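When reading the values below, keep in mind they use all heavy atoms of this one structure, side chains included, and skip hydrogens, waters and symmetry mates. All figures in this text were calculated on a predicted structure; none of them were measured in a lab. So that the names make sense, note that chain A is the first sequence line, chain B the second, and so on, each numbered from 1.
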2 protein chains.
Amino acid sequence: MSDRQPDTTPPASDPAPGPASAPRGAAFLLAQIGAHAAGRFAERVGDLGLTPADVGLLRMIAGRPGRSQRALAEDLGVVPSRVVTLIDSLEGKGLVERRRSAEDRRNHELHLTAEGRRTLGAVSRKAAAHEDDLLAALDPAQRAQLLDLLERVATQQELTPGVHPGYRTLQKSPRSGRPE
Amino acid sequence: MSDRQPDTTPPASDPAPGPASAPRGAAFLLAQIGAHAAGRFAERVGDLGLTPADVGLLRMIAGRPGRSQRALAEDLGVVPSRVVTLIDSLEGKGLVERRRSAEDRRNHELHLTAEGRRTLGAVSRKAAAHEDDLLAALDPAQRAQLLDLLERVATQQELTPGVHPGYRTLQKSPRSGRPE
DNA sequence: TATTGTTATACTCTATAACTATA
DNA sequence: TATAGTTATAGAGTATAACAATA
C-alpha cells in the first residue's frame, strides 16, 4: 500500500483520504453498540434455545396473558402470519400454550406454561449478566447516568417500552429515489 | 379482556402478570435505540439511493483508497462475494471505480469517483441531521456526556471504529437448542 | 499450487395472499 | 360479509462453493 503506481493509473480521484470518512457521532455509536448488544444477547439466549424475538414474545405474553395472536402482532408491528410461526416454535418447546377462547372461538388466548415461566426466569439472569458485561467500562454512577440519558432519548423518540424494533422487518430504504 | 372464563379453561398458568416482563435496563435501551437509529438512518440515506452498507463501503474506500476487495471484506467481516455485489451496485451508480492493480493484476484497487465524493458529502449532511433529530431530547452538555459514555463502552467492548456490525450477518444463535 | 475476484446455487427469512373456521 | 388464525407461495438477501484469471 505505497504510492508507486505507474502511469497507467492516473493520480485522479482521491482528495482527502483520511477524515470525513470515520463517523464519530453519538448516533453512529448508538447504532454500533446497539447492534453489538443485540448480537451478544442473541448468543446468550441462544444457549437457552431461544431467539431474541422468542424472548420478546415470552415477555409480552407474560405481561398480559390471554391476549390473542392478532393483538400481539399489532403490538409488535409484525404481520399475523409471523406470529403463527413464532408461537408454533414456542409451543413446540413447551413454553407457550394456545387456548381456544370460549367467548369467541376464533381467538387463541396465549399463556405461558410453567416451563415458560422458568425459562423466562433464566432469560432474566442471562439479561443481567449481559448488561453487566456490556457496561463493564462504567461504574454504577456512570451506568445510572447512561440509563437516564437513554431514557430521555427513547421517550422523545416515542419508542414503545419493551418493544424491540428488531422484531419487525427493518424498513429497507423504501427504494431508491421515488416517492410513494 | 375480563375474567369470565367458564370451567373449560382452568385458572392454571399465569402467576405474576405484570413486572419481570418489561426490560428496563440500559442494555435493552441501547439495542432498542440502536435499531431505531439504524432504521432512521437507513431511511435518510435511502433518499440518496443508498443502503447503510453502501455508506459504510464508501466511507472505508474514502478512508483508504486503493485497497482491494479482499482487504475490504476482511475488515468488514463479510465474505468476499458479498463485496462483489456491493461494489457492483456502487459502481453501477457511478460512485466507485475498480482499477486493475498494475502490480498484481488479480487485484482490484477501489477508488471513489468525483460523484462518489459528492455523494459522501451529502451523506455527511444527512448524518448530521440524523444525529440532531435523534438526540433532540438532550442539550449540548448531555450530548457530550452521552458521547463520552458510549465511547468508553465501545472501547472496552473492542468495537472497531467506523465498522457497523450490521454489515456482517448477525450471528444467529449457533444452535437453537437441539442439534438437527 | 495458491490467491483474487466472479458466478452459480442453495438456504433462510419474511411478507403476501389464498384458505378455513368461526362469527 | 367480516374476522382470527393458518397454510402456501414467492421474493429478498446472503453464505457456500465452484470457477476463471493471474501469480
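- With sequence neighbours excluded, the residues forming a side-chain contact (heavy atoms from CB on, under 4.5 Å) with B:Gln145 are A:Gln145, A:Leu149, listed by chain and number.
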Measure all distances between protein nitrogen or oxygen atoms and nitrogen or oxygen atoms of nucleotides 5-11 of chain C, and list the pairs falling under 3.5 Å.
unit_1, atom_1, unit_2, atom_2, d
C:dG5, OP1, B:Gln69, N, 3.2
C:dG5, OP1, B:His108, N, 3.0
C:dG5, OP2, B:Arg70, N, 2.6
C:dG5, O3', B:His108, ND1, 3.4
C:dT6, OP1, B:Arg98, NE, 3.2
C:dT6, OP2, B:Gln69, OE1, 3.2
C:dT6, OP2, B:Gln69, NE2, 2.8
C:dT6, OP2, B:Arg98, NH2, 3.1

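- Scanning for side-chain contact (heavy atoms from CB on, under 4.5 Å) contacts around B:Ala154 gives A:Leu29, A:Ile33, B:Leu159, with sequence neighbours left out.
- Between A:Arg99 atom CZ and D:dG5 atom P the separation is 15 Å, expressed in whole Å.
- Look at CZ on A:Arg105: it is 14 Å from C1' on D:dG5, rounded to the nearest Å.
- Spacing between atom CG of B:Leu86 and atom P of D:dG13 amounts to 11 Å, rounded to whole angstrom units.
- Residues passing the ring-ring contact (aromatic ring centres under 6.0 Å, His included) test with A:His130 are A:Phe41, sequence neighbours excluded.
- Here salt bridge (charged side-chain N to carboxylate O under 4.0 Å, His left out) pairs that include residues 118-131 of chain A, with residues two or more places apart or in two chains, are A:Asp47-A:Lys126.
- Side-chain contact, B:Arg98 with B:Gln69: a donor N or O sits under 3.5 Å from an acceptor N or O.
- One atom, CG of B:Asp104, and another, C1' of C:dT3, lie 8 Å apart when rounded to the nearest Å.
- In this entry the distance linking CG of A:Leu76 with C1' of C:dA15 reads 16 Å, nearest Å.
- Residues meeting the side-chain contact (heavy atoms from CB on, under 4.5 Å) test with B:Leu86, sequence neighbours left out: B:Ala53, B:Asp54, B:Leu57, B:Arg82.
- Following rounding to the nearest Å, A:Glu74 (CD) and D:dG5 (C1') show an atom-to-atom distance of 15 Å.
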